[in-house]
Number of protein chains: 4
Amino acid sequence: MAKPRSTEKRERIFQAGLRLFSHNGYTKTTIKDIANEAGVSFGTVFTYFQNKEELFNSCVTEPLEEFRDHILTTHETLDSMTYEMFVQLVGRHVDFFLEKEHYLRVVQYVIGQPERFPEMEVLDQFADDFMDFIQSVAKVGMKKGFLPEGNPEEIGYGYLAFLMGARLTFTDHANVQLTNAFKNQALRLFGAGITEG
Amino acid sequence: MAKPRSTEKRERIFQAGLRLFSHNGYTKTTIKDIANEAGVSFGTVFTYFQNKEELFNSCVTEPLEEFRDHILTTHETLDSMTYEMFVQLVGRHVDFFLEKEHYLRVVQYVIGQPERFPEMEVLDQFADDFMDFIQSVAKVGMKKGFLPEGNPEEIGYGYLAFLMGARLTFTDHANVQLTNAFKNQALRLFGAGITEG
Amino acid sequence: MAKPRSTEKRERIFQAGLRLFSHNGYTKTTIKDIANEAGVSFGTVFTYFQNKEELFNSCVTEPLEEFRDHILTTHETLDSMTYEMFVQLVGRHVDFFLEKEHYLRVVQYVIGQPERFPEMEVLDQFADDFMDFIQSVAKVGMKKGFLPEGNPEEIGYGYLAFLMGARLTFTDHANVQLTNAFKNQALRLFGAGITEG
Amino acid sequence: MAKPRSTEKRERIFQAGLRLFSHNGYTKTTIKDIANEAGVSFGTVFTYFQNKEELFNSCVTEPLEEFRDHILTTHETLDSMTYEMFVQLVGRHVDFFLEKEHYLRVVQYVIGQPERFPEMEVLDQFADDFMDFIQSVAKVGMKKGFLPEGNPEEIGYGYLAFLMGARLTFTDHANVQLTNAFKNQALRLFGAGITEG
DNA sequence: GATGAATGAGTGTTCATTCAT
DNA sequence: CATGAATGAACACTCATTCAT
C-alpha cells in the first residue's frame, strides 16, 4: 500500500500555525509552540515545512483559495442579479470575514510590514480582484436601478476597508452580536441599507 | 529625585519606538534599533523607560490624548451642528486616521493580542467614548433632519470599523489618492453622501 | 543470521564516507550526505554500519591493510636489495602516499584528536611498523654501501613525516607536478639523491 | 579615563579558540566550550567576535604575522650567510614548527577543505613566500659552496612539506625527544647533514 | 532488506537587561 | 546622566538515530 504521506499531520501543523501567528504575530510565535498546539514533536514541523518562514508563507497564501471560492462568486451570473441576491451576497461577505478572524489578523500582519514579507504581492492581487468584483456588482445594481448612482471604484475601496475593519477592530465577544449591524452598514456603503425599507 | 519626565531625548526615543514598533511589530523591534533611530546610546533608553514593555506601553497610551483632542470634539456644541459642519467633522476624522498610520498599526497589534497587552483596556475605553460621540452626532443629524433615520449604535460600530480598515487595509501609496473616496464612503455610513447632493 | 559483510552497497557507502569525511571532517559530514553520494537511501546506511562512528572507524582502519601490502614489502628479500631497487621502493612510497589523499586526510584528522578516536592505536602500530621497515632498509643500504652512514631511527621518523607532509601540505594541483621533486627529496633523507649522480 | 577596550579578554578567547579548534576541528568545537576554556560567559564571545566563523578566521590568519617574523628572516643579510648560520636557521625553523602544534593543526584543517574556508588564500601566499625564501637560502649556500648542487625549487617544496609533516604526524610526547632527529633530517634535504661532518 | 517519517538533544546566534565606569 | 561590556535565557534549525511499514 502506498505511503499516505500523512497530510493530516501537515494540516494540524498548518492550523496551529494560523492560530498562533494570528494571536502572537510572527516573531513571538515559536516553532515549539506550534508543535505543542499541533500535538506533534518539535522536529516534525520541519518535516512538513522547510522553515518557519515557509510555514508562515503557507498560512498567508493557502487560505486565499477558499476566499476566492466564497467571495468572488455569485450563485448565478452577475447580469441576472436582483436586489435580494445582492443583499444576500453582502451578508455572505460579512459572515465570511467575521468568521475568518485568525486568518485576517495574519493578513493584517503582512500588510503592515510589506518590505518584510514577499507574500504581500499575492494579497495585493487578491485585493484588486475583490474590488473589481465589487465594482461590477455595484455597476449592475445601478444599471438595474436597485442601487443609487455612485462611484463604483470608491465603493470597492470603501467596502474592502470596511470588511477588514469590522473584523479587526473588535475582539471576539463584541462581534458576535454585531453581525447584523455590520450587514446593514455594509449595504449603506452601496447607497442601499435599512433606511430604504 | 524622580526620573526626568520629558526631555527632548525621551521624545526622540518615544518617536523612534512608535515608528519601529509599527513597522516591525513588538518582538522584531530591538532596543538597539530604537536607540540607533533615536540617535542615542544603547543604555540611554533604559534611563527613560524601565524596560521594553513600558516603552511599548507608552507608545500605545500616550497618543490617545491627541486623538481625544482631535476626534472627540466639534468646534461648537453638538446642538448647533449643521450638515456642513457634520461633513467637515467626518472629513477631519478621515484625514486624522489616514495620517496616523504608525500609531494605528501599533493599536491593531495590541487589539489582536488582548491577553498579552494590558493596554487593551484603555483602548476599549477610548473606542467606547468615540462610538458614544458618534452616536450623539448621528442622533443630532437625524433630529435636525440632515441625516435619514438609522440605528445610531450600528452607525457607531460601523464608522469606527471603517476608519480603522481604511487606514490598515492599504499601504501608503494607494491611500494618498483615496482620501476623497473614503470621505464619501464614510458619509454614506450615516446615510448621507454624494449621491444625496 | 549475521549482517551482510560485504555487499556492493556496503562498499559504495564506505567509499562515499571516505571521500566526504576527508573533504569535510567528521562532524560536518552527515549521514544523509553519505547516503546521497552513495546513491542509497538514508536508512540503508544503518543497515551496514551500526552508527556514524562505526562507519568512520571503518574508514580509518580498513584501508590500512592495503597500505601494508603496498608499503611494507619489497619484491625480494631485504638482503638482496640494490640501489636501483631502493630508488624504486622510495618512488613507490611517494606515489602511493600522493595518491591516497582522501585517506591520509582522515588519518590526519584522527591523529590530531587522539583522545577522541580510539583508532589512534591502530595507526600508531602501523606507524611503528612502517618506521621499523624503513630502518631495516636504511641499515641494509649502509651495510651494502649504497647509502652513507646515518642514524636509521632518525631516518625512519623523518621519512614518515616527509611523506605525510608532502601529501597534506599541498592541494591537488600543485602535487601532480611535484611528484619527482618529492621523490628526489625523499632520497636525500637517506643521504642519497640526485646530487650523488 | 579611557575604556581599555579589554584586549586581554579578547586574547583569552582567541587562545581558547586556537586550542580547541586544533583539538576538535571547527564543527566539533562549540562556542560554549570556548567560553568555558576562556573563563568568560557564553555571550561574551560574541562581544569580541561577530560569529564563530570570524573567530576561526582570526585563529588562522593572525598568527601568520608571528610566523613571518620568526621564519622569513635571517639575523643578517642572506649574502653574508655562513654554514653555521644556515644550520642555526634550519634549527630555528624546526623548533618553531614543532612548538606551534595547535596552530599548525588548524592550518592543516583549512588546507584539507579549501572550498570551505576562504582563509586558504592567505595561507597559500604565505607558503609561496616561505618557499621563495628557502630557495634563496639554498642558492646562496650552493654559490658559497657550503651546500652541494641541487634544485632549489624542489628543496623549497620538500622542506615545507617536511616541517609540516614533522609536526602533524606525531603526537606530543614523541616529538619532544625527536627535535634533533628532525633537525638532522631537515639539513639532509638541502644535501647537507651530519654525515657530511 | 530498504525506506523515510518522527523525534529531541544540541548548536549558533540574538537580545533584553544589569551595572561598573 | 550616559555608556556599552557582560550575561544567559530563549529561539530556529540540524541531524543521528529509531522503528513502523
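To find a chain, count down the sequence lines: A is the first, B the second, and so on, and within it residues start at 1.
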Between [options], which nucleotide has the shortest distance from any of its atoms to the side chain of [X]?
{"X": "A:T44", "options": "E:dT13, E:dA6, E:dT3", "result": "E:dA6"}
{"X": "D:S41", "options": "E:dA16, F:dT7, F:dT17", "result": "F:dT7"}
{"X": "B:F42", "options": "E:dT13, E:dA16, E:dG10", "result": "E:dA16"}
{"X": "C:F46", "options": "F:dA16, E:dG1, F:dA5", "result": "F:dA16"}

- Task: Can you tell me the pairing partner of F:dT17 across any strand shown, Watson-Crick or G-U wobble, with both distances under 3.5 angstrom?
- Result: E:dA6

- Query: Contact class for C:K9 (heavy atom, under 4.0 Å): base, sugar-phosphate, or nothing?
  - Reply: sugar-phosphate

- Query: Reckon C:T27 touches a base, only the sugar-phosphate, or nothing at all at heavy-atom distances under 4.0 Å?
  - Reply: nothing

- Between A:F56 and A:F117, does the ring centre distance come in under 6.0 Å? yes

- Message: Check for me whether the distance between the ring centres of D:F21 and D:Y109 falls short of 6.0 Å.
- Response: no

- Comparing A:Q50 with B:V45, nearest DNA chain F nucleotide closer to 5' gives the residue B:V45

- Quick one: closest heavy-atom pair of D:A16 and D:I34, and the distance? CB-O, 3.7 Å

- Query: Atom CG of A:L55 to atom P of F:dC13: distance rounded to whole Å?
  - Reply: 10 Å

- Tell me: NZ of D:K52 to P of E:dT11, nearest whole Å? 9 Å

- Any side-chain donor paired with an acceptor under 3.5 Å for A:Q125 and A:E121? no

- Going by heavy atoms closer than 4.0 Å, what residues in residues 30-37 of chain A are next to DNA chain F? A:T30, A:I31

- CG (A:L55) and CG (A:L20) are apart, to the nearest 0.5 Å, by 10.0 Å

